[in-house]
Amino acid sequence: MFGIQGSGDTSGFGGLRLPGYAPAPAERPYGGWFDEVADEAAAALADDGGADFDTCVHQVTVDRGEMTWYVDREHLVRLARTLRDDPALRFEFCSGVSGVDYGEGVPQQLHVVTHLLSMTYRRRLRLEIALELDDARCPSLVDIYPTADWHERETWDMFGVVFEGHPSLTRILMPDDWNGHPQLKSYPLGGIPVEYHDAEIPPPDQRRAYT
């Protein structure tokens, strides 16, 4: 696809590798409604007597017109409940939970990304939790956002993140007896044949080879 030959790669990308992109932390003022949301969240967290905003959120990033909060996992549930319930925030809907594996050599290479939507104020906020591969655990948000149920199952299925407190953390895409988590960078390219009516598509590692 990119003119690379002799790599032995069969994905079509010829061994192409891109460095992970990590935007720098944002500084005040963030701009737009971002400052208002951060201030209100800080005030709401202070009111309940728990850890303050800077303890819960160790980095705020604004990039491409979107805001991301990098959250310590032990504070995720409390922060999510505050974002949902505070009248000035009202992030009532979790539109998705996904995973990212940045590959070997990256500290805390496995990330869980949660996308929240305030239908009241028409705002979107991303919460991101960084994990180590050998400690891939994250609190479940199903009790706060029931829509997270299937999203967390898919993230576990594909990336191996264990969502503690999930009511039924079972596979959702792969067969129940599947070994491994296919979207991890360490997962080998391969697969099983896919059968259609009168046709069979071989797995990726058997479709073609570069010579």
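Counting begins at 1 with the first residue of the sequence.
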Write down the atom of [X], the atom of [Y], and the distance for their closest heavy-atom approach.
X	Y	result
T55	D72	O-OD2, 3.3 Å
L89	A41	CD1-CA, 4.0 Å
Y30	M67	CD1-CE, 3.6 Å
P25	T61	CA-OG1, 4.3 Å
P139	E152	O-OE2, 4.4 Å

Ignoring hydrogens and geometry, is there a side-chain-to-backbone donor-acceptor pair from [X] to [Y] under 3.5 Å?
X	Y	result
D157	L173	yes
D86	A88	yes
S118	R123	no
T155	H151	yes

Checking [Y] against [X]: is there a side-chain donor and acceptor pair closer than 3.5 Å?
X	Y	answer
R153	T170	yes
Q183	D101	no
S140	E164	no
T68	E128	no

Check the hydrophobic clustering (I, L, V, M, F, W, Y; side-chain heavy atoms under 4.5 Å; chains of links allowed) and say if [X] and [Y] are grouped together.
X	Y	answer
V37	V62	yes
V162	M174	yes
I129	V60	yes

How many angstroms lie between atom [atom1] of [X] and atom [atom2] of [Y], to the nearest 0.5 angstrom?
X	Y	atom1	atom2	answer
D52	H75	CG	NE2	8.5 Å
F91	Y121	CZ	OH	10.0 Å
I172	D149	CD1	CG	7.5 Å
L117	R126	CG	CZ	13.0 Å
L127	L116	CG	CG	4.5 Å
L133	L184	CG	CG	6.5 Å

From CA spacing to verdict: side-chain contact (heavy atoms from CB on, under 4.5 Å), C56, L45: CA-CA 9 Å; C56 298; L45 291 171; 4.2 Å; yes

E132 and L110: CA distance, side-chain angles, deciding distance, side-chain contact (heavy atoms from CB on, under 4.5 Å) verdict: CA-CA 6 Å; E132 300 289 353; L110 190 60; over 6 Å; no

Using side-chain heavy atoms (C-beta onward) and a distance below 4.5 Å, is [X] in contact with [Y]?
X	Y	result
F163	V112	yes
P167	V142	yes
F93	T147	yes
L141	L76	yes

Under 4.0 Å between a side-chain nitrogen and a carboxylate oxygen: does that hold for [X] and [Y]?
X	Y	value
E104	K185	no
E40	R90	no
D135	R73	yes
R78	D48	yes
R171	D176	no

Step-by-step ring-ring contact (aromatic ring centres under 6.0 Å, His included) determination, Y102 to H111: CA-CA 8 Å; Y102 285 100; H111 287 214; 4.9 Å; yes

Kindly check if the number of other-residue, nucleotide or ligand heavy atoms within 6.0 Å of [atom1] ([X]) is above 12?
X	atom1	answer
E200	CD	yes
R122	CZ	no
W150	CH2	no

Verdict with reasoning, S98 to H115, per side-chain contact (heavy atoms from CB on, under 4.5 Å): CA-CA 9 Å; S98 57; H115 302 268; 4.1 Å; yes

Partners passing ring-ring contact (aromatic ring centres under 6.0 Å, His included) against F53 (at least two apart in sequence or in another chain):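 Checked F53 against ring-ring contact (aromatic ring centres under 6.0 Å, His included); matches are W69.
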
H166: ring-ring contact (aromatic ring centres under 6.0 Å, His included) partners, not counting sequence neighbours: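 Partners of H166 under the ring-ring contact (aromatic ring centres under 6.0 Å, His included) test: none.
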
Aromatic ring pairing H181/W156, orientation class (parallel under 30°, perpendicular over 60°, tilted between):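 Because their plane-to-plane angle is over 60°, the rings of H181 and W156 count as perpendicular.
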
Check against side-chain contact (heavy atoms from CB on, under 4.5 Å), R84 and Y145: CA-CA 9 Å; R84 183 194 66 180; Y145 297 109; 3.5 Å; yes

